[in-house]
Trainee: 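This is the structure I have questions about; it appears just below.
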There are 2 protein chains.
Amino acid sequence: MTSFFAQLEARSQAINSLLCIGLDPNPKDFTSAEAVRDFCFRLIDATSDVACAFKPNSGFFEAWGAAGYQALKDVIAHVPTGIPVVLDAKRGDIDSTAKGYAQSAFEVLGASAITLSPYLGSDAIQPFLTNAEKGVFLLCKTSNPAAGELQNLIVDGHYLYEVVAQKAQSWGSADQIGFVIGATDTEAMHKVRVVAPNAWFLVPGIGAQGGDLEAVVDSGLRSDGLGLLLSASRSIAQSADPHAEAVRLRDAINAARQQANKQSSDSTSSTNIENVARALAEAGCVKFGSFTLKSGKVSPFYLDLRRLVSYPKHLNVVGAALARLLSTLQFDHIAAIPYAALPIGVSASSQSGRSLIYP
Amino acid sequence: MTSFFAQLEARSQAINSLLCIGLDPNPKDFTSAEAVRDFCFRLIDATSDVACAFKPNSGFFEAWGAAGYQALKDVIAHVPTGIPVVLDAKRGDIDSTAKGYAQSAFEVLGASAITLSPYLGSDAIQPFLTNAEKGVFLLCKTSNPAAGELQNLIVDGHYLYEVVAQKAQSWGSADQIGFVIGATDTEAMHKVRVVAPNAWFLVPGIGAQGGDLEAVVDSGLRSDGLGLLLSASRSIAQSADPHAEAVRLRDAINAARQQANKQSSDSTSSTNIENVARALAEAGCVKFGSFTLKSGKVSPFYLDLRRLVSYPKHLNVVGAALARLLSTLQFDHIAAIPYAALPIGVSASSQSGRSLIYP
């Protein structure tokens, strides 16, 4: 059984694309559920060779009642095998009701993943995680103008959306839960990446809304060059040549990925260095005084990396920075010398997907 | 054009009931969407004479796909004219998508109101407020075990759910937006009542979950004896005699209302007095020193009620306390002497529904 996020990674790597095609048939542009369905069929046919995933927007189908619901099911069935479908439904209910929604999304409609609201807490999410083949994207920082009214409230020195990402770490693994983060807020993208170094982000708002693609990719890309599912809909659907526009976007995303990898593998990358420095300082690894090193030299400071294991979040920041440094090198294994280096090696290994060895 | 909440008040007063019948056909108990529909038809027929409103749970219908969606529409159409229908859908999306959901709930399905999630902010709510005949219940403090994970986070000294209620005051009036508050948290009920003295609360979790009805009514009842829509489903549907069980619950609610009114109209009611004292102190109305009153007497303290107008929330606490004191008296108008008493009179008038006069 392959998890949704493993399916997503396989698809992404197979066609070298992080582009998600949003299926957003605005009701005002159509006269019937059948017309909605046919529009989506055409868009899927035109773009499926470059689509890492498709994302139908449930509300636009529900506006047509039972016929719209049937159209949504037909549209999902029309997506070629092997391309994951994220149902953008933003559900959030409890217990048996959540089971009903999960049954609707995964079994009746056949979607591979669903977007959910975090407001009700973990027991509203759990019913969607029982099928290991299906995935969840939790609303974290959305792209609408009023998103900050709640999501940017300060809780104990952190934005609410950071707290959501932090809490979700205990609700499910990065192989079960990703996050929705709008392309309009690269600060949020960066902050949540620190909290959730291995999670996938579903990012609406590229394309028509014209977010800065380079900044988005630079702040959100995972250390293995994946982890961002960048969604565009209107800019592709309303283009004279949807396929050409999808290709253009995929290529623009890939150019931004290469640029981001190049920058971050440069050891002078300020973001990289700053994150590592902050992580080490916060974990209490940085000590000042007079230290005699093994070499016999006396140093005015000492980095006690053993402390990192007590701070898994900070350990992962260091591991991610290492994974990025390694991403352009040719090698077979990461070798980590116990004890201090072993946990760091494990983190870098887990975030780069490269095998680990130790003596 | 009558607003949803005015319709709800009219219905409540006409049959002297605050009981909402939840239509929660758990998919595991049924074999088809038709069976779901027939179950709901029977429950509606059995209880409509005591139902202030019906609340179908969208997820339980969606689990049956397009046929379930059609069943939901049929069920809503089956509710007798004059009884409001709250669609429990907990939606929350932005802009044109929200319009799609509003179209689905209000136009296609024919519901009178809908439950919404606040996480996306005001622009996810606005599209549901454009039709003045329709209403919104915003998720505030839900009744599930994990509700507090987010909703009880502390933001600037207040619970997140209080902040939601506070912010929603500027998103729409009490005639547009009510709040969902679970029967399991009477502290939340009380706190949100202070923030939103005129709003309706939709309260799931009475009946089967056995919340303390007296405590719920005492902490949440509006000063006019309305403002609580208390929802029960399983305890009624699974009863041997659903009508008798609905009557029993309605009567238990009404007994709790009378008890609450009696308590709060007693001027020694500790909650009432405490709230007023706190409001006056927080607004800086309570002053200690040596004050010569108009009567010539010297007093060691003085209540400067003029300050209250600068604290609308506190003014409403005082107005609500007055409205409760007045609720058992026979009279035609509230007379308020300018200047200090006039704003207080306006608040008491607005919260008791009694007309105001001033010289």
Side-chain angles (χ1 to χ4, degrees), chain A residues 24 26-28 57-70 72-73 88-105 107-109 117-126 139 142-151 153-156 160 163-164 167, chain B residues 24 26-28 57-70 72-73 88-105 107-109 117-126 139 142-151 153-156 160 163-164 167:
Chain A
D24 289 359
N26 194 320
K28 72 176 172 55
N57 190 330
S58 192
F60 288 151
F61 294 86
E62 291 181 42
W64 298 97
Y69 201 94
Q70 184 60 47
L72 177 55
K73 183 173 175 169
D88 197 357
K90 300 188 175 65
R91 294 297 194 266
D93 212 314
I94 59 181
D95 196 38
S96 48
T97 314
K99 285 185 195 136
Y101 284 123
Q103 186 174 332
S104 170
E107 293 172 41
V108 179
L109 291 172
S117 165
Y119 191 70
L120 272 79
S122 57
D123 51 12
I125 311 300
Q126 292 310 323
L139 298 181
T142 56
S143 59
N144 53 313
E149 287 176 348
L150 256 69
Q151 297 162 24
L153 290 173
I154 302 294
V155 178
D156 203 15
L160 178 60
V163 178
V164 166
K167 287 197 174 279
Chain B
D24 290 358
N26 194 320
K28 72 177 173 55
N57 190 330
S58 192
F60 288 150
F61 294 86
E62 291 180 42
W64 298 97
Y69 201 94
Q70 183 60 47
L72 176 55
K73 183 173 175 167
D88 197 357
K90 300 189 175 65
R91 294 296 194 266
D93 212 313
I94 58 180
D95 195 39
S96 48
T97 313
K99 285 185 195 137
Y101 284 122
Q103 186 174 331
S104 170
E107 293 172 41
V108 179
L109 291 172
S117 165
Y119 191 70
L120 272 78
S122 56
D123 51 12
I125 311 300
Q126 292 311 322
L139 298 181
T142 56
S143 59
N144 53 313
E149 287 176 347
L150 255 69
Q151 297 161 25
L153 289 173
I154 302 293
V155 178
D156 203 15
L160 178 60
V163 178
V164 166
K167 287 197 174 276

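Here the structure is a predicted model, which means the values were calculated and not measured. Note on naming: letters A, B, ... go to the chains in the order of the sequence lines (proteins, then strands), and numbering restarts at 1 for each one. As a basis for the values below, the full set of heavy atoms in this structure was taken, side chains included, without hydrogen atoms, waters or symmetry mates.
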Trainee: Highest number of heavy-atom pairs under 4.5 Å with chain A: which of B/Gln70, B/Glu107, B/Lys167?
Mentor: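 The residue among B/Gln70, B/Glu107, B/Lys167 with the greatest pair count is B/Lys167.
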Trainee: Under a 4.5 Å heavy-atom cut-off, does chain A meet the side chain of B/Thr97, its backbone, both or neither?
Mentor: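 Its backbone and side chain both get close to chain A.
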Trainee: Between the main-chain N or O of B/Leu160 and the side-chain N or O of B/Gln151, is there a donor-acceptor pair closer than 3.5 Å?
Mentor: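 No, the answer is negative, given that no donor and acceptor are paired below the 3.5 Å cut-off.
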Trainee: What part of B/Ile94 gets within 4.5 angstrom of chain A, counting heavy atoms only: side chain, backbone, both, or neither?
Mentor: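 The side chain, not the backbone.
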Trainee: Return the CD to CG distance between B/Gln103 and B/Leu109, rounded to the nearest 0.5 Å.
Mentor: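 CG of B/Leu109 is found 11.0 Å from CD of B/Gln103.
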Trainee: Of all of A/Ser104, A/Ala147, A/Gly148, which one pairs up most often with chain B through heavy atoms under 4.5 Å apart?
Mentor: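 The option with the most such pairs is A/Ser104.
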Trainee: Among the options B/Asn144, B/Asp24, B/Asp88, pick out the one with the most heavy-atom pairs lying under 4.5 Å from chain A.
Mentor: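 Option with the top pair count is B/Asn144.
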Trainee: What part of B/Lys90 gets closer than 4.5 Å to chain A, counting heavy atoms only: side chain, backbone, both or neither?
Mentor: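 Both the backbone and the side chain of B/Lys90 come within 4.5 Å of chain A.
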Trainee: Of all of B/Ser58, B/Ala89, B/Gly65, B/Ala124, which one pairs up most often with chain A through heavy atoms under 4.5 Å apart?
Mentor: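 With the most close heavy-atom pairs to chain A, the winner is B/Gly65.
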Trainee: Taking all non-hydrogen atoms of both residues into account, name the closest pair between B/Ser96 and A/Asn26 and its distance.
Mentor: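 In this case the closest contact between B/Ser96 and A/Asn26 is CB-ND2, 3.3 Å.
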Trainee: Please classify the contact between A/Val163 and chain B as side chain, backbone, both or neither, with a heavy-atom cut-off of under 4.5 Å.
Mentor: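 The answer is the side chain of A/Val163.
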Trainee: So which of A/Val108, A/Leu153, A/Asp95 has the biggest tally of heavy-atom pairs under 4.5 Å with chain B?
Mentor: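 Most heavy-atom pairs within the cutoff with chain B belong to A/Leu153.
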Trainee: Please classify the contact of A/Asn57 with chain B as side chain, backbone, both or neither, using a heavy-atom distance under 4.5 Å.
Mentor: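 It is the side chain, since no backbone atom gets that close.
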Trainee: Flag the one option from B/Gly121, B/Gly59, B/Gly100 with the top tally of heavy-atom pairs under 4.5 Å to chain A.
Mentor: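 Top count of heavy-atom pairs under 4.5 Å with chain A: B/Gly59.
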Trainee: How close do B/Val164 and A/Tyr119 get, counting heavy atoms only, and between which atoms?
Mentor: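 Minimum heavy-atom separation between B/Val164 and A/Tyr119: CG2-OH, 3.5 Å.
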Trainee: Using non-hydrogen atoms and a 4.5 Å limit, figure out which bit of A/Pro27 sits close to chain B: side chain, backbone, both or neither.
Mentor: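 The answer is the side chain of A/Pro27.
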Trainee: At a 4.5 Å cut-off on heavy atoms, which part of B/Asp123 comes close to chain A: side chain, backbone, both, or neither?
Mentor: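 It is both, since atoms from each part get that close.
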Trainee: With a 4.5 Å cut-off on heavy-atom pairs, point out which of B/Asp93, B/Leu120, B/Thr142 contacts chain A the most.
Mentor: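 Winner by heavy-atom pair count: B/Leu120.
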Trainee: State, to 0.1 Å, how close B/Trp64 and B/Phe60 come at their nearest heavy-atom pair, and which atoms those are.
Mentor: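 Result for this residue pair: CD1-O, 3.3 Å.
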Trainee: What part of B/Ser117 gets within 4.5 angstrom of chain A, counting heavy atoms only: side chain, backbone, both, or neither?
Mentor: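 The side chain, not the backbone.
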Trainee: Has the side chain of B/Tyr69 got a donor or acceptor atom that lies under 3.5 Å from a matching backbone atom of A/Glu62?
Mentor: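 Looks like yes, one N/O pair under 3.5 Å.
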